[in-house]
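Data first, discussion second: the structure below is written as structure tokens.
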There are 2 protein chains.
Amino acid sequence: MEVNKPDTATRILDVAERLFVEHGFEATSLRMITQQAEVNLAAVNYHFGSKDALFESVFMRRIGPFVAACLAELDTLEQSGQALTAEQLVVSFIRPCLALSKDPARGGALFVRLMSRTLVENHRLLREALNQQYSIFVQRYTSAFQRALPQFGAEDIAWRMHFAFSVMFNAFAGNDVLKIFVRSQVVTARDPDMIVKHLVPFVVAGLTAPI
Amino acid sequence: MEVNKPDTATRILDVAERLFVEHGFEATSLRMITQQAEVNLAAVNYHFGSKDALFESVFMRRIGPFVAACLAELDTLEQSGQALTAEQLVVSFIRPCLALSKDPARGGALFVRLMSRTLVENHRLLREALNQQYSIFVQRYTSAFQRALPQFGAEDIAWRMHFAFSVMFNAFAGNDVLKIFVRSQVVTARDPDMIVKHLVPFVVAGLTAPI
DNA sequence: GTCTATACGGAGATAGAC
DNA sequence: GTCTATCTCCGTATAGAC
């Protein structure tokens, strides 16, 4: 059996995922994808409709399981019956990010970067497509944070969640906003475990800061 | 006198700035720009060399004065001779952002968004071009934060500055990472004054959090 | 020095044969 | 399902007018 030759659509998805992460969406041409996937140029449009829709398919294949993993973490926490802390909620999001970044079968660190960059950049191609899964995610975390931080109003919580998730996605996106040299070495936000070590205290402090 | 007709290069810069912010770099074609600027298609390549170089010129026209404004704020603070707080440093960056966003003559809120998005996304076109001005900016803020937060090592400061500036740029980029509904209204990070009111406490708390 | 008209190769998309 | 041929639009380069 042809274990090394999945069907056409899957071959396209696999190659496209890698190339989109490596070179970005715009810099990746359909001709590059179809050549490496060993399929005809028109196969992309036949199976996915357009380059835009291919990107959406690449993204949607991974994002569902990721969101499910976050919600499962939330479920486990909430079933304990105890009052949750902001730190527990932050970790419930970061842990699936780490797990995903260490699982090559689901895209690995490259997909985490793609996901984070796409969300941070609020990519036009996903504003509509994401809404369904995304809104469940946002609602669950919003109500969890409202219970964890009862001293703040709903609007304050919303702002802080905006900031918290923008730091976290940015950290995993790996686009260093600053280039800071410490002892002639650039401090670069790429190693997942180092990110988490510094990220969690920062985010938790921001979320819980007195008004 | 033709007050409404600046020279060709300036007309191109003005139109390009607006279109890059409204539609993004890739989605803005030279034909759109030259048509609206009422110049010939070839004028862009004649005056700027390429579409990439045009983007760089659009950016560089505004970024110099902005960086200068931040450094002037730092100068004023440091001349007081008093020990500075993290909050003062955060405000010294945010105040020029606000001022710029309210000055249409220097690009206004649209340029603040363009600047923030470009930096957050670590745009390939500016990684090299920005380095000169940017490195002065980073060095000044790094040493200022090291003095304001002497309890932390250089590496911890670097990480926290990464996170702090990524939140701030993200906030001004206006790409809402989350869509949170409060009383049926989306809490959206677009109004500069509202951003600052919530942003400063979050960032300062993150920067000063105990390890 | 500036500006215009135009041509070229590469991109994504698509109709139609097989 | 797959593949070829072809379409339009993109950024770019250049020859030549003023």
Side-chain angles (χ1 to χ4, degrees), chain A residues 1-2 4-61 114 118 123-129, chain B residues 1-61 114 118 121 123-129:
Chain A
M1 61 196 231
E2 296 272 4
N4 291 326
K5 275 251 182 181
D7 63 23
T8 301
T10 305
R11 286 215 307 284
I12 292 173
L13 283 175
D14 289 340
V15 171
E17 178 173 74
R18 182 169 49 77
L19 292 180
F20 284 153
V21 172
E22 284 175 4
H23 307 115
F25 177 75
E26 315 282 354
T28 303
S29 72
L30 293 184
R31 285 164 173 85
M32 289 165 61
I33 296 169
T34 53
Q35 206 169 315
Q36 294 197 25
E38 299 178 271
V39 301
N40 186 270
L41 171 60
V44 171
N45 278 282
Y46 174 75
H47 285 283
F48 300 98
S50 68
K51 186 187 177 186
D52 287 8
L54 170 61
F55 183 79
E56 196 180 307
S57 296
V58 166
F59 201 88
M60 288 303 161
R61 179 170 67 151
L114 181 66
T118 304
H123 208 294
R124 65 187 172 88
L125 299 177
L126 293 172
R127 265 175 280 215
E128 306 254 319
Chain B
M1 62 197 229
E2 297 273 3
V3 288
N4 291 326
K5 275 251 182 180
D7 65 21
T8 301
T10 306
R11 286 215 307 284
I12 292 173
L13 282 175
D14 290 340
V15 171
E17 178 173 73
R18 183 170 48 78
L19 292 180
F20 284 153
V21 173
E22 283 174 4
H23 306 116
F25 176 75
E26 314 283 355
T28 302
S29 72
L30 294 184
R31 284 162 176 85
M32 290 166 59
I33 295 170
T34 52
Q35 206 169 314
Q36 293 197 25
E38 298 178 90
V39 301
N40 186 273
L41 171 61
V44 170
N45 277 279
Y46 175 74
H47 284 283
F48 300 97
S50 68
K51 187 186 177 186
D52 286 9
L54 169 60
F55 183 80
E56 196 179 307
S57 296
V58 166
F59 202 88
M60 288 303 161
R61 180 170 67 151
L114 181 65
T118 304
E121 295 170 15
H123 208 295
R124 67 188 170 87
L125 299 178
L126 294 172
R127 266 176 281 220
E128 306 254 319

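If you check D:dG1, D:dA13, D:dT4 against the side chain of B:N45, the one that comes closest is D:dA13. Each of D:dG11, C:dC3, D:dT12 was ranked by its minimum atom distance to the side chain of B:T8; first place goes to C:dC3. The nucleotide whose nearest atom lies closest to any side-chain atom of A:L41 is, among C:dA15, D:dT12, C:dA13, C:dA13. With C:dA13, C:dC3, C:dT4 as the choices, the nucleotide that has an atom nearest any side-chain atom of A:K51 turns out to be C:dA13. Between D:dT2, C:dG1, C:dT6, one nucleotide has an atom nearer to the side chain of B:Y46 than all others, and that is C:dG1.
Protein atom CZ of A:F55 is 17 Å distant from nucleotide atom C1' of C:dG12, rounded to whole Å. In this structure, the CD atom of A:E38 is 14 Å from the P atom of D:dT2, given to the nearest Å. If you take CG of B:N40 and P of D:dA17, they are 16 Å apart, rounded to a whole angstrom. Atom CZ in B:F48 sits about 16 Å away from atom P in D:dA13, given to the nearest Å. Rounding to whole angstrom units, CG of residue A:L30 and C1' of D:dC10 are separated by 14 Å. What separates CD of A:E26 from C1' of C:dG10 is a distance of 15 Å, to the nearest Å. For B:L54 and D:dT12, the CG to P distance is 10 Å, given to the nearest whole Å.
Considering CD of A:E38 and CD of A:Q35, their distance stands at 10.0 Å, rounded to 0.5 Å. If you take CD on B:Q36 and OG1 on B:T28, they are separated by 9.5 Å, rounding to the nearest 0.5 Å. Atom CZ of B:F59 and atom OG1 of B:T118 lie 4.5 Å apart (nearest 0.5 Å). Interatomic distance, OH of A:Y46 versus CG of A:N40, reported as 13.0 Å (0.5 Å rounding).
Using a 4.0 Å heavy-atom cutoff across all strands shown, A:T34 reaches no nucleic acid atom at all. If you check every strand for non-hydrogen atoms under 4.0 Å, A:A43 touches nothing.
For A:H47 and D:dT2, the shortest distance from a side-chain N or O to OP1 or OP2 is below 4.0 Å.
Using a 30° and 60° split on the angle between ring planes, B:F25 and B:H123 fall in the perpendicular class, above 60°.
Counting atom types as modelled, A:R31 pairs no side-chain N or O with a base atom of C:dG10 as donor and acceptor under 3.5 Å.
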